[in-house]
Amino acid sequence: MKNILIIEDVEDHLEIVKLILEQHGYNVLVATNGQEGLDSAKKNLPSLVILDVVLPELNGYEVCKEMKNFPATRAIPIIMLSVRSNPEDVETAYKSGANKYITKPFNLEELVKEVKKHLGEES
Amino acid sequence: MRINGKNCYLVQKTGIQPFKRCMYCDRNVQECFGFQFFLIVVGIISLLLIMFTIRDLPILAIDITILILLMLSFLGYIASKETNEIVVGNHLLKELNDELEKRVAQRTKEAHMVNLDLQKALRIKSDFLRNMTHELKTPLTAILGYISILQEKQLGDINEKQFKILGSIQRNGQDLLHQINQLLDLSKSEANKLTMEEKWFDLDKTISEATVSVEYIASKKGINISVHTDPNIPSIYADPERTKQILVNLLSNAVKFTDDDGKITIDAKDEGEFVSISIKDTGIGISRENFKAVFEPFKQIDPEKSKKYGGTGIGLSIVKSLVEASGGKISLESEPGKGSTFKFTIPKKNG
Ligand SMILES: Nc1ncnc2c1ncn2[C@@H]1O[C@H](COP(=O)(O)OP(=O)(O)OP(=O)(O)O)[C@@H](O)[C@H]1O
Ligand SMILES: [Mg+2]
């Protein structure tokens, strides 16, 4: 079973993403702040990370950069989720190394589709 | 005297100290008095000289000489007075000019400050709006997310009635999201910051997606929507999300302002460099004098009716900004009671 790490501080958003991913048969790890998430990513080396932008401690962009700078986590795909929809925000996310940026409110189907795509499970 | 009067008026207006004014007047009096005194002395001396040297001249000649001398002295007096007034006037004018220049500089600075304040206020407004919409979208994400999870029956079965209720909550949530996004877009279009993400896409698909979003209300009102697309239309290079947003706004107006059992027709035509899309309804229509106003933000033709129909009056203003930002044009044909046709164009390839 593949591990997916969700780094998200809004409890309900975390719960929704967790529910839908578990439903699709993934094992879910969670972290509720940036630093905790980064530590967990380095320690557990998940197959994919779902990352919020606005986070306490380290923000999503910083977590993203750190993961892409650290050899063991560099290849892990990162899907960023945020209520911010300005082009500048999207650009910052991709410049920080995100593999995909999805704006909230997200469509659950789309999220699952992107997860599968970045895990190379597309049918 | 007139110059003086005018000067005094200006002096009062511009607020030069009255003390300074007295100083000028004093000098004026002093100088005039000196010159006049000099002329009278000269006149008397000349008179005495004439009387003593040419005694045998007739009385008339002496009278004329006296008269000429007196006239000369009077002219001299006038001249001296006027020169004086001009000198003093010039001086005053220069001071006034300096004063005015100072004032203009001051006012320019003030105007600049007001402008800066205005810009700051606008920035605060759009920052506030952006933050506010983020705050609104966070709980909405939770609401819509949980609804989806329940609708997909992932946590167990639900009955038909519950499923219908979830559908209603979901539609209302989506509606709220649409309003929030429109508000955000309005502030972006005010700041000229509407953004387009162009790519190749299939117009047919976008039209049917937009139609789906109004289908529910249309079917409730018994309104029939038919779509005719030119089979020649290739995929176009524009922003698919924005194109859909334009269509959804126009379609939701058409559904909103058309009575039960009406008809809506969507027509997409290939027009060379452009694709034109028209949305025709059989609704209440718009009179010619309101053709321009309906595209202005917050403008609703009949405020009383608007309460019945709902909405805030920003849909068409955003549509217009979006059409223009994508390089197209929008036009309107309508007659009250006979329905309306909104037609817009999109360049096929902008990139
Ligand atoms: N198809 C139509 N038929 C008749 N009147 C229309 C139509 N479309 C727009 N109008 C008139 O133009 C006005 C402005 O339209 P607009 O879409 O900007 O605002 P709205 O629909 O009232 O509110 P919102 O779009 O913000 O929900 C409407 O209030 C209505 O009076
Ligand atoms: Mg509208």
Is it true that, when you exclude [X] itself, more than 12 heavy atoms of the residues, nucleotides or ligands shown sit nearer than 6.0 Å to its [atom1]?
X        : atom1 : value
A:Lys42  : NZ    : yes
A:Lys68  : NZ    : yes
B:Lys320 : NZ    : no
A:Lys2   : NZ    : yes
B:Phe128 : CZ    : no
A:Glu11  : CD    : no

Calculate, to the nearest 0.5 Å, the distance between atoms [atom1] and [atom2] belonging to [X] and [Y] respectively.
X        : Y        : atom1 : atom2 : answer
B:Lys137 : A:Thr103 : NZ    : OG1   : 6.5 Å
A:Ile20  : B:Glu152 : CD1   : CD    : 5.0 Å
A:Asn107 : B:Ser148 : CG    : OG    : 6.5 Å
A:Arg84  : B:His134 : CZ    : NE2   : 6.5 Å

Test log, rule side-chain contact (heavy atoms from CB on, under 4.5 Å), inputs B:Glu135 and A:Val83: CA-CA 9 Å; B:Glu135 292 309 312; A:Val83 287; over 6 Å; no

B:Lys193, part contacting chain A, at a heavy-atom distance under 4.5 Å: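 When you check distances to chain A, no heavy atom of B:Lys193 falls under 4.5 Å.
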
Chain A interface, residue from B:Thr195, B:Asn181, B:Leu144, B:Ile149 that has the most non-hydrogen pairs under 4.5 Å: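 If we count pairs closer than 4.5 Å to chain A, B:Ile149 comes out on top.
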
Sub-4.5 Å side-chain heavy-atom contact between B:Leu155 and A:Leu19: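 A side-chain contact exists here, since the closest heavy-atom pair is under 4.5 Å.
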
N/O donor-acceptor pair under 3.5 Å between A:His13 side chain and B:Thr138 backbone: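 Side chain of A:His13 to backbone of B:Thr138, a donor-acceptor pair under 3.5 Å: yes, one is there.
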
Proximity breakdown for A:Leu108 and chain B, heavy-atom pairs closer than 4.5 Å: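 Just its side chain gets close to chain B.
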
Heavy-atom pair of closest approach, residues B:Ala142 and A:Asp12: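 The pair with the smallest heavy-atom distance is CB-CB, 3.7 Å.
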
